[in-house]
Amino acid sequence: MEELNSIPLWVLMVLAVLLIAQSLFLFFHSRNNDQWKWFWGIWGCMQVPTPIIAYFLWTKWLQPKLRNWEGR
């Protein structure tokens, strides 16, 4: 518990803002693209920046390749 007391309050506030902003961005962006909006939104609340990197890899790189492969 001593470790949490040594972290400055402004660092925790910045982290909270980053998590909420990332979560909202992922939720609304995935909703517009017919993705799993709740999955991306909830995952975005848990950590930074892995969910947003994974989302863009999924939507911009992997998903188009899968669609092309299914169309063959």
Side-chain angles (χ1 to χ4, degrees):
M1 202 63 170
E2 188 72 28
E3 296 85 21
L4 282 179
N5 292 336
S6 65
I7 298 173
L9 182 61
W10 67 271
V11 172
L12 294 175
M13 290 173 50
V14 168
L15 182 61
V17 168
L18 282 173
L19 287 170
I20 291 170
Q22 175 181 259
S23 177
L24 288 174
F25 173 80
L26 288 172
F27 180 82
F28 289 118
H29 197 269
S30 62
R31 184 181 66 173
N32 292 339
N33 291 334
D34 293 329
Q35 300 292 323
W36 307 324
K37 60 184 176 186
W38 288 107
F39 170 76
W40 293 110
I42 291 171
W43 192 26
C45 285
M46 295 182 190
Q47 58 186 358
V48 170
T50 306
I52 204 159
I53 293 169
Y55 177 75
F56 282 117
L57 284 174
W58 171 253
T59 58
K60 304 296 183 200
W61 183 70
L62 187 61
Q63 197 174 30
K65 286 187 177 197
L66 290 174
R67 286 184 183 160
N68 288 339
W69 186 67
E70 289 175 354
R72 287 184 185 180

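The hydrophobic cluster containing Phe25 does not contain Trp38, counting ILVMFWY residues as joined when their side-chain heavy atoms lie under 4.5 angstrom apart, directly or transitively. Cluster annotation: Leu9 is not connected to Leu18 through the hydrophobic network of ILVMFWY side chains, with a link wherever side-chain heavy atoms come within less than 4.5 Å. By the rule that hydrophobic residues join a cluster once side-chain heavy atoms approach within less than 4.5 Å of another member, Phe27 and Ile42 end up as members of separate clusters. Hydrophobic clustering, with ILVMFWY side chains joined whenever heavy atoms are under 4.5 angstrom apart, groups Leu57 together with Met46. Note on Val17 and Met13: separate hydrophobic clusters, where clusters join Ile, Leu, Val, Met, Phe, Trp and Tyr whose side-chain heavy atoms are under 4.5 Å apart, directly or indirectly.
Taking the six-membered ring where tryptophan is involved, the planes of Trp43 and Phe39 are tilted, since the angle between them lies from 30° to 60°. Using cut-offs of 30° and 60° for the angle between ring planes, the Trp40 and Tyr55 rings count as perpendicular.
Across all their heavy atoms, Thr59 and Gln63 have their closest contact at CA-OE1, 4.0 Å. Summarising the geometry of Val48 relative to Gln22, their closest heavy-atom pair is CG2-NE2, 3.9 Å, with the distance given to 0.1 Å. Between Ser23 and Cys45, the closest heavy-atom pair is OG-SG, 3.1 Å.
When each of His29, Lys37, Arg31 is tested with Asn33 by the rule side chain to side chain donor-acceptor pair (under 3.5 Å), just one qualifies, namely His29.
Distance check, rounded to the nearest 0.5 Å: CZ of Phe56 to CG of Leu62 gives 15.0 Å.
The closest side-chain heavy-atom distance from Ile52 to Leu26 is below 4.5 Å.
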